[in-house]
Asker: 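Quick one: this structure, given as structure tokens, is what I'll be asking you about.
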Amino acid sequence: MLFFGQISAFHSMPRAASPHSLDTLISRRVQRSQAGAVFTPDAFAAMGSRAAIDKALQRMVQRGELRRLSRGLYDKPRHDALLGVLWPSVDAIVKAVAGKDRIRTQPTGAYAANLLGLSEQVPAQVEFLTDGISRRVQAGPLKLSFKRTTPRQMAAAGRLSGLLIQAFKSLGAPHISPARIRHLRETLPVEERAKVLQDLALAPAWMRPLLREVARTDEAPAQLSAGKTPHALR
């Protein structure tokens with residue numbers, strides 16, 4: 001027989017979360033994700049109302065399952081034995097933002113050159129072209145800028161040619177040296193390089209000979225129509 005005090009204590013005990021509760025469903029989704037994954041509330045939209053999702057995410061932050069990067073942006077923290085808790089990658093943040101807004105993105109500027117190994121410069125603000133709205137996103141120390149651009153600028157988004165075009169624009173013709181072209185030919189897969197030729201019309205005229213040189217699959221130096229090496233490759 002339970003005494004009154006025992007009954008009160010029984011009722012005050014926290015209840016285990018239902019296996020079908022919103023908290024449990026979101027927690028399972030996060031647990032199945034890799035460390036460093038980034039989420040927005042919209043990623044869980046099919047599971048419940050926005051208000052309920054926001055509260056569930058707040059509770060997960062309190063429990064340490066998620067970290068709040070900025071308004072509406074969370075990540076599953078990844079840990080390093082020496083460095084401790086790491087910030088998510090730029091790619092993970094962009095994937096979450098693009099998935100939320102259903103937009104395409106294209107790395108540009110110094111970041112595009114850095115991705116291809118053409119520059120060691122790490123920009124303080126990473127820039128992307130987009131077919132969505134212009135906006136800025138900050139996640140911890142990472143600053144991302146999305147700039148709306150024309151359909152032509154986004155035509156090669158998500159392909160090697162788009163990355164090369166933006167990287168070359170950032171560097172400028174005088175700085176695209178033979179060593180940089182050689183680096184691209186040695187590090188990029190032959191199959192992907194060959195596809196660049198399909199997008200030559202999207203590149204400025206001065207850049208097309210350089211892209212042909214990157215794309216060629218033979219070992220001998222390319223023969224241009226004028227029989228000369230382009231200025232930027234001398």
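Count residues from 1 along the sequence.
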Asker: Checking Thr130 side chain against Arg104 main chain: does a donor-acceptor pair fall under 3.5 Å?
Answerer: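 Between the backbone of Arg104 and the side chain of Thr130 there is a qualifying donor-acceptor contact (under 3.5 Å).
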Asker: Look only at the side chain of Asn114 and the backbone of Ser119, and say whether a donor-acceptor pair between them is shorter than 3.5 Å.
Answerer: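 At least one qualifying donor-acceptor pair exists.
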Asker: Return the minimal non-hydrogen interatomic distance between Gln121 and Pro123, and the atom names on each side.
Answerer: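 Smallest heavy-atom distance, with atoms named: O-CD, 3.5 Å.
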Asker: Determine, step by step, whether Tyr74 and Glu65 satisfy the side chain to side chain contact (heavy atoms under 4.5 Å, CB included) criterion, reporting the C-alpha distance in whole Å, the side-chain angles of both residues, the deciding distance to 0.1 Å, and the verdict.
Answerer: CA-CA 10 Å; Tyr74 305 83; Glu65 295 179 53; over 6 Å; no
Asker: Test of understanding: clusters of I, L, V, M, F, W, Y form through side-chain heavy atoms closer than 4.5 Å, transitively. Do Leu115 and Leu129 belong to the same one?
Answerer: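 In one cluster with Leu115: Leu129, no.
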Asker: Is it possible for you to say whether Phe146 and Met154 belong to one hydrophobic cluster, with membership spreading through side-chain heavy-atom contacts below 4.5 Å?
Answerer: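 As far as the 4.5 Å side-chain criterion goes, Met154 and Phe146 are not connected within one cluster.
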Asker: One thing to verify: whether Asp54 and Arg50 come together as a salt bridge, which I'm taking to mean a side-chain N less than 4.0 angstrom from a carboxylate O.
Answerer: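 Here Arg50 pairs with Asp54 in a salt bridge, since their nearest N and O are under 4.0 Å apart.
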Asker: Is the backbone N or O of Val122 less than 3.5 Å from a side-chain atom of Glu120, with the two atoms forming a donor-acceptor pair by type?
Answerer: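 Not confirmed, Glu120 side chain does not pair with Val122 backbone.
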Asker: Go through it in stages, so that I can follow the logic: the residues are Ile181 and Ile176, the test is side chain to side chain contact (heavy atoms under 4.5 Å, CB included), and I'd like the CA-CA distance, side-chain angles, deciding distance and then a yes or no.
Answerer: CA-CA 7 Å; Ile181 295 292; Ile176 306 173; 3.8 Å; yes
Asker: Between Phe168 and Val214, is there a side-chain heavy-atom distance shorter than 4.5 Å?
Answerer: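 Sidechains of Phe168 and Val214: in contact.
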Asker: Tell me whether Val30 shares a hydrophobic cluster with Leu22, the cluster being built from Ile, Leu, Val, Met, Phe, Trp, Tyr side chains joined at under 4.5 Å.
Answerer: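 Same cluster.
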Asker: Roughly how far, to the nearest 0.5 Å, is the CD1 atom of Ile93 from the OG1 atom of Thr40?
Answerer: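 Answer rounded to 0.5 Å: 12.5 Å.
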Asker: When you measure from the side chain of Thr108 to the backbone N and O of Glu127, does any donor-acceptor pair fall under 3.5 Å?
Answerer: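 Flag not set: sc Thr108 to bb Glu127 has no pair under 3.5 Å.
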Asker: To the nearest 0.5 angstrom, please state how far the CG atom of Leu184 sits from the CD atom of Glu186.
Answerer: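 Nearest 0.5 Å value for the CG-CD distance: 9.5 Å.
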Asker: Are Trp206 and Leu197 connected into the same hydrophobic cluster when the rule is that any two of I, L, V, M, F, W, Y join if their side-chain heavy atoms are below 4.5 Å apart?
Answerer: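 Yes: a chain of side-chain contacts under 4.5 Å links Leu197 to Trp206.
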Asker: Looking at every heavy atom in both Trp87 and Arg78, which two are closest together, and how far apart are they?
Answerer: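 Closest heavy-atom pair between Trp87 and Arg78: O-NH2, 2.8 Å.
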Asker: Using distance alone, with no hydrogens and no angle criterion, decide if Gln31 and Ser27 have a side-chain donor and acceptor under 3.5 Å apart.
Answerer: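 Yes, Ser27 and Gln31 have a side-chain donor paired with an acceptor closer than 3.5 Å.
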Asker: Is Arg68 reaching over with its side chain to a backbone N or O of Leu73, donor-acceptor style, under 3.5 angstrom?
Answerer: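 Flag not set: sc Arg68 to bb Leu73 has no pair under 3.5 Å.
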Asker: About how many Å separate CD of Glu191 and OG1 of Thr217, when rounded to the nearest 0.5 Å?
Answerer: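 So the gap between those two atoms works out to 10.0 Å.
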Asker: Is any side-chain heavy atom of Pro88 closer than 4.5 Å to a side-chain heavy atom of Leu69?
Answerer: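 With C-beta onward as the side chain, the pair touches.
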Asker: So do Gln166 and Gln106 actually touch side chain to side chain, heavy atoms under 4.5 Å?
Answerer: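 The answer is yes; the side chains approach within 4.5 Å.
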Asker: Atom OG in Ser89, atom NZ in Lys95: separation rounded to 0.5 Å?
Answerer: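 Result: 9.5 Å between the selected atoms.
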Asker: To the nearest 0.5 Å, how far apart are CG in Leu202 and CE in Met207?
Answerer: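 The CE atom of Met207 is 11.0 Å from CG of Leu202, to the nearest 0.5 Å.
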Asker: Kindly indicate, with the supporting measurements, whether the criterion side chain to side chain contact (heavy atoms under 4.5 Å, CB included) is fulfilled by Val94 and Leu144.
Answerer: CA-CA 8 Å; Val94 172; Leu144 284 65; 3.6 Å; yes
Asker: Other residues, nucleotides and ligands only: do more than 12 of their heavy atoms fall within 6.0 Å of CZ on Arg63?
Answerer: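 Yes.
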Asker: Taking all heavy atoms of Asp131 and all of Arg148, pick out the closest pair and write down the distance.
Answerer: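 Nearest heavy atoms, Asp131 then Arg148: O-NH1, 2.6 Å.
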Asker: Of all the heavy-atom pairs spanning His183 and Leu118, show the shortest one and how long it is.
Answerer: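 Looking at all heavy atoms of both residues, the closest pair is CD2-CD2, 3.9 Å.
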Asker: Using the rule that two of Ile, Leu, Val, Met, Phe, Trp, Tyr join whenever any of their side-chain heavy atoms come within less than 4.5 Å, decide whether Tyr111 and Leu163 are in one cluster.
Answerer: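 Yes; tracing contacts between hydrophobic side chains, which count when under 4.5 Å, links both residues.
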Asker: Measure from the side-chain N and O atoms of Arg29 to the backbone N and O of Ala43, and report whether any donor-acceptor pair falls under 3.5 Å.
Answerer: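 Flag set: sc Arg29 to bb Ala43 pair under 3.5 Å.
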Asker: With Leu160, which of Leu211, Leu116, Asp199 fulfils side-chain contact (heavy atoms from CB on, under 4.5 Å)?
Answerer: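 With Leu160 as partner, Leu211, Leu116, Asp199 yield a single side-chain contact (heavy atoms from CB on, under 4.5 Å), made by Leu116.
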Asker: Once rounded to the nearest 0.5 Å, what's the spacing between atom CE of Met47 and atom CG of Asp23?
Answerer: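 Between atom CE of Met47 and atom CG of Asp23 there are 11.5 Å.
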Asker: Identify the two heavy atoms, one from Ala124 and one from Lys143, that lie closest to each other, and give their separation to 0.1 Å.
Answerer: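 The answer is O-CB, 3.9 Å.
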Asker: What closest approach, in Å, do Gly36 and Ala92 show between heavy atoms, and which atom pair accounts for it?
Answerer: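 Reported closest heavy-atom pair: O-CB, 3.7 Å.
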Asker: Applying side chain to side chain contact (heavy atoms under 4.5 Å, CB included), run through Leu57 and Phe39 and close with a yes or a no.
Answerer: CA-CA 10 Å; Leu57 293 175; Phe39 306 92; 6.0 Å; no
